[in-house]
Amino acid sequence: MQSLSELQAYIRTFDHRTEKKLHYFLKLSEEVGELAEVLRKDQRLADTGELKGTVEEELCDVLYYVLALANVYDIDLEACFQQKDELNKVKWGR
């Protein structure tokens, strides 16, 4: 299993263009819309046996563009997540 940092580094090896900030954001928005559609239809991999057109596929697409956008801004998303989680622990008393 790969860590978030490893996934981010993997994407950076073949898809990292700082001039494409808007492109990555628009693709992320598009994929969130597609995720909404399959959520509404409740299309799942376990039900169909195929990844195409499922919640699982669209979540992977959303994750891809979140990581690509983080790369554009040189954000270590795993480190940021850990920092944010610490803030949330205090905020939500967990």
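Since we're looking at a predicted model, the values are computed, not measured. Counting from 1, the numbers follow the sequence of the chain as shown.
- Cluster membership for Phe81 and Tyr65, using ILVMFWY side-chain heavy atoms within less than 4.5 angstrom, is not shared.
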Would you give me the side-chain donor-acceptor pairs under 3.5 Å for residues 33-42, sequence neighbours excluded?
unit_1: Glu37; atom_1: OE2; unit_2: Lys41; atom_2: NZ; d: 3.0

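- Qualifying side chain to side chain contact (heavy atoms under 4.5 Å, CB included) partners for Asp61, counting only residues two or more places apart in sequence or in other chains: Glu31, Glu57, Glu58.
- Among residues two or more places apart in sequence or in another chain, the side chain to side chain donor-acceptor pair (under 3.5 Å) test is passed with Lys89 by Glu86.
- The side chain to side chain donor-acceptor pair (under 3.5 Å) check on Arg12 picks up Asn71, with sequence neighbours excluded.
- In the hydrophobic clustering of this structure, Leu87 does not group with Trp92; members are Ile, Leu, Val, Met, Phe, Trp, Tyr whose side-chain heavy atoms approach within less than 4.5 Å, directly or through other members.
- Take Asp15 and apply the side chain to side chain donor-acceptor pair (under 3.5 Å) test, not counting sequence neighbours, and it matches Tyr24, Tyr64.
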Identify all side-chain donor-acceptor contacts of residues 45-53 below 3.5 Å with residues at least two apart in sequence or on another chain.
unit_1: Thr48; atom_1: OG1; unit_2: Arg44; atom_2: O; d: 3.3
unit_1: Thr48; atom_1: OG1; unit_2: Glu50; atom_2: N; d: 3.1
unit_1: Thr48; atom_1: OG1; unit_2: Glu50; atom_2: O; d: 2.9

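- Every residue two or more places apart in sequence or in another chain that forms a side chain to side chain contact (heavy atoms under 4.5 Å, CB included) with Ser5 is listed here: Ser3, Asp76, Glu78.
- Looking at Lys20 and Val72, their side chains never come closer than 4.5 Å, going by heavy atoms from C-beta outward.
- Among residues two or more places apart in sequence or in another chain, the side chain to side chain contact (heavy atoms under 4.5 Å, CB included) test is passed with Leu63 by Leu4, Leu7, Leu67.
- For Glu30, the salt bridge (Lys or Arg N to Asp or Glu O under 4.0 Å) test picks out Lys27, with sequence neighbours left out.
- Within the structure, ring-ring contact (aromatic ring centres under 6.0 Å, His included) contacts touching residues 2-22 (residues at least two apart or in different chains) are Tyr10-Phe14.
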